[in-house]
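Let me begin by presenting the structure, written as structure tokens, before commenting on it.
Here is the naming used below: chain letters follow the sequence lines, and residue numbers restart at 1 for every chain. Owing to the predicted nature of the structure, the values given are computational and were not obtained by experimental measurement.
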2 protein chains.
Amino acid sequence: MAKRKVVERQTGVALWRQIADRIRLAISNGDYDAAGMVPPETVLAGEFGVNRHTVRSALAALAEEGLVRAVQGRGTMIERKERVSYPISRRTRFSQGLGRQVKEIGTRLLGHAELRAFGDIASALGIAPGEPVIELRTVSSGDGRPLSVSASYYPAARFPRMAEEFEELHSVTKAFAAHGLDDYVRVSTEIVARHADGDELSMLKLSAGAIVLEAQSVNADLDGRPVEYSRSCFAADRMKLRIET
Amino acid sequence: MAKRKVVERQTGVALWRQIADRIRLAISNGDYDAAGMVPPETVLAGEFGVNRHTVRSALAALAEEGLVRAVQGRGTMIERKERVSYPISRRTRFSQGLGRQVKEIGTRLLGHAELRAFGDIASALGIAPGEPVIELRTVSSGDGRPLSVSASYYPAARFPRMAEEFEELHSVTKAFAAHGLDDYVRVSTEIVARHADGDELSMLKLSAGAIVLEAQSVNADLDGRPVEYSRSCFAADRMKLRIET
DNA sequence: TACAGTTGTCTAGATCAATAGACATTTGAG
DNA sequence: CTCAAATGTCTATTGATCTAGACAACTGTA
């Protein structure tokens with residue numbers, strides 16, 4: 001393993017943060033599974049070509065995230081390594097897909113509003129600009145860790161009670177059913193990756209420089225009429241997306 | 001627009017880099033389309049609550065990327081804003097999908113090797129650990145800008161001349177055809193986002209702290225036997241992935 | 001031409017990030 | 001118990017980042 005791992009200087013990203021990101025990745029790749037612990041600080045410092053204190057800053061950040069735990073005299077143990085896999089298919093349903101990967105799933109409604117659709121929202125839902133839509137803002141978590149924040153939009157003409165039904169039923173699928181829509185399918189998904197903004201950092205409990213996977217998706221009824229447009233931001237270091245075709 | 005935009009201090013990511021990322025995102029969202037230019041430095045400094053010099057560092061980084069160009073006396077103009085959209089469907093073919101979005105597509109073979117499959121590679125291809133596979137390493141670019149780097153694996157027993165055929169034909173689809181395989185479909189794709197490592201930074205010509213979208217995919221013949229396993233890393237600030245179901 | 005608005009440059013000081021070295025403390029193995 | 005190996009803590013120094021202020025240079029408009 002004596003291979004020299006590259007970190008770059010004077011790029012606006014502190015060395016300790018670059019190293020923390022690399023170690024986090026190595027953990028989730030299973031590179032350290034044999035021992036169940038991270039290599040000693042002096043070894044890591046040698047591999048990355050930095051001072052031991054710099055490695056310590058990186059490990060302190062990972063300990064803060066709850067990913068590792070350092071024990072004096074023994075070493076730094078890995079506490080948690082998995083990424084939750086989120087499936088995307090024609091029949092994507094949030095809670096079903098996570099299934100056995102997390103014991104307890106929570107979706108919390110942050111707020112809702114009725115507003116007029118323009119731009120992206122109107123064109124994705126196939127309605128005229130200015131038509132009313134219902135907006136739901138939610139945050140979802142698995143076993144207590146926040147996984148995603150979403151903003152979803154529904155044509156108000158067809159689903160007038162979306163916010164109230166969701167608040168009561170805690171499920172988009174059931175809220176649709178309450179409006180007489182029994183089935184729907186996903187017609188498109190666009191995925192980008194970017195740095196999290198301030199709101200996302202705090203809602204997903206991320207540290208600055210963290211990455212989100214943003215999925216913009218459209219669901220439609222079986223006649224092809226769009227019923228939902230949503231933008232979901234997943235904490236990239238906790239999730240992967242699985243495309244099923 | 002007087003809204004205060006949050007940047008966080010003491011997180012290991014320099015303020016100028018956080019601000020550069022936010023401005024890049026705003027440009028690609030079209031927030032500044034009306035004027036075709038970025039707001040004045042003093043305005044940005046006010047919005048982000050930092051010194052004007054800090055904003056200047058951010059703009060200098062974006063100018064380095066070729067995204068903006070500052071003109072003394074006038075302002076800072078936007079030079080480029082689009083993200084290339086890469087479609088993922090059952091029939092994903094690299095060059096077809098990019099189609100009209102880029103004028104000129106180049107795929108360059110970085111190298112090839114024959115090695116024994118273990119772990120991910122063996123299980124994805126459904127072959128016994130230790131069986132030989134052909135590895136192709138490629139970098140693809142659109143209109144001169146690198147878009148992705150890939151490592152692809154093919155069972156050597158079935159596709160022994162993969163490297164040579166690809167080198168000659170410059171196309172995976174044609175190289176398959178040369179082995180008697182006329183059609184194949186994508187059976188699964190997994191997507192993660194993470195910070196680029198040193199090799200990716202240099203091959204994709206990114207600046208440190210940049211993000212890659214990594215797609216791990218399996219293609220199979222029409223009988224369902226896997227024929228290709230590949231890991232592609234896309235420069236996240238130049239690409240989005242479009243899932244078609 | 002005059003002027004407001006913008007980017008470019010310079011200096012100085014404060015704070016953060018990284019290096020270097022020394023030594024303490026804890027753990028597990030022999 | 002003894003020792004090697006690991007993490008924890010402290011001090012000091014250097015370079016990068018950020019702030020602050022002042023002023024120069026350029027552009028488009030009145």
Side-chain angles (χ1 to χ4, degrees), chain A residues 1 4-23 32 34-64 67-79 207-209, chain B residues 1-2 4-23 32 34-64 67-79 195 207-209:
Chain A
M1 178 59 89
R4 177 62 155 263
K5 288 163 181 151
V6 187
V7 283
E8 311 214 336
R9 289 155 197 264
Q10 296 173 23
T11 58
V13 182
L15 293 180
W16 64 263
R17 179 149 286 287
Q18 294 183 54
I19 291 169
D21 292 335
R22 296 282 294 272
I23 295 174
Y32 305 140
M37 36 198 324
V38 171
E41 294 169 352
T42 48
V43 173
L44 289 171
E47 284 180 356
F48 289 109
V50 301
N51 192 274
R52 178 175 156 237
H53 293 297
T54 308
V55 169
R56 282 180 60 74
S57 300
L59 290 173
L62 295 176
E64 183 75 20
L67 211 65
V68 300
R69 186 167 49 89
V71 178
Q72 192 172 107
R74 289 183 63 192
T76 302
M77 267 140 294
I78 295 169
E79 293 280 276
S207 40
Chain B
M1 178 58 88
R4 176 62 155 262
K5 287 162 181 154
V6 187
V7 284
E8 311 213 336
R9 288 153 198 266
Q10 296 175 13
T11 57
V13 181
L15 294 179
W16 64 264
R17 179 150 285 286
Q18 293 184 53
I19 291 169
D21 292 334
R22 297 283 293 273
I23 296 174
Y32 305 141
M37 38 197 322
V38 170
E41 294 169 352
T42 48
V43 173
L44 289 171
E47 285 179 357
F48 288 110
V50 301
N51 191 275
R52 180 177 153 234
H53 293 297
T54 308
V55 169
R56 282 179 61 74
S57 300
L59 291 174
L62 295 177
E64 184 75 20
L67 213 64
V68 299
R69 185 168 49 90
V71 177
Q72 192 174 83
R74 288 183 61 194
T76 303
M77 268 141 293
I78 295 169
E79 293 280 276
H195 290 102
S207 40

Indicate the atoms forming the closest heavy-atom contact of B/L59 with B/V68, along with that distance.
O-CG2, 3.9 Å
Check whether more than 12 heavy atoms from other residues, nucleotides or ligands sit under 6.0 Å from atom CD of B/E79, and answer yes or no.
yes
Can you find a donor-acceptor N/O pair under 3.5 angstrom joining the side chain of A/R52 to the base of D/dG8?
yes
Any idea which heavy atoms bring A/V13 and B/R17 closest together, and the distance?
CG2-CD, 3.4 Å
Students should find this one: the first and last nucleotides of DNA chain C, 5' to 3', lying under 4.0 Å from a heavy atom of chain A. What are they?
C/dA17 to C/dG28
With a 4.0 Å cut-off on heavy atoms, is B/S57 in touch with a base, just the backbone sugar-phosphate, or nothing at all?
nothing
With sequence neighbours left out, what residues match A/S57 under side-chain contact (heavy atoms from CB on, under 4.5 Å)?
A/W16
Among B/V55, B/L67, B/L44, find the residue that satisfies the side-chain contact (heavy atoms from CB on, under 4.5 Å) test when tested with B/V38.
B/L44
First of A/R17 and B/L59 reached from the 5' end of DNA chain C, by closest nucleotide:
B/L59
So how far is it from B/E47 CD to B/T42 OG1, rounded to the nearest 0.5 Å?
10.0 Å
Minimal heavy-atom distance between B/T76 and B/A70, with the atoms involved, is OG1-CB, 3.8 Å
All salt bridge (charged side-chain N to carboxylate O under 4.0 Å, His left out) counterparts of A/R74, not counting sequence neighbours:
none
Which heavy atom of B/M37 sits nearest to which heavy atom of B/Y32, and what is that distance?
O-CB, 3.5 Å
N or O in side chain of A/T76 less than 4.0 angstrom from D/dA6 OP1/OP2:
no
Without decimals, in angstroms, what is the distance between B/Q18 CD and D/dT17 C1'?
12 Å
Contact state string [nucleotides 10-16 of chain D, B base, S sugar-phosphate only, - no protein heavy atom under 4.0 Å]
B-----S
State, to 0.1 Å, how close B/A58 and B/I19 come at their nearest heavy-atom pair, and which atoms those are.
CB-CG2, 3.8 Å
With side chains defined as the heavy atoms from C-beta onward, is the minimum distance between B/R56 and B/E41 less than 4.5 Å?
yes
Can you give me the closest heavy-atom contact between A/I23 and A/L62, atom names plus distance?
CG2-CD1, 3.6 Å
Which of the following nucleotides, D/dT17, D/dT19, D/dT7, is nearest to the side chain of A/A70?
D/dT7
Check: protein-nucleotides 27-30 of chain D nitrogen or oxygen pairs below 3.5 Å:
| residue | atom | partner | partner atom | Å |
| --- | --- | --- | --- | --- |
| D/dG28 | OP1 | B/R74 | NE | 3.4 |

Without decimals, in angstroms, what is the distance between B/R56 CZ and D/dG21 P?
17 Å
Per-helix bend value, the helix from C/dT1-D/dA30 to C/dG30-D/dC1, C1' rotation axes over five pairs per end, 10° rounding, shows 30°
Specify the separation, in whole Å, of atom CD of B/E41 and atom C1' of D/dC26.
13 Å
First encountered from the 5' end of DNA chain D, between A/T42 and A/G12
A/T42
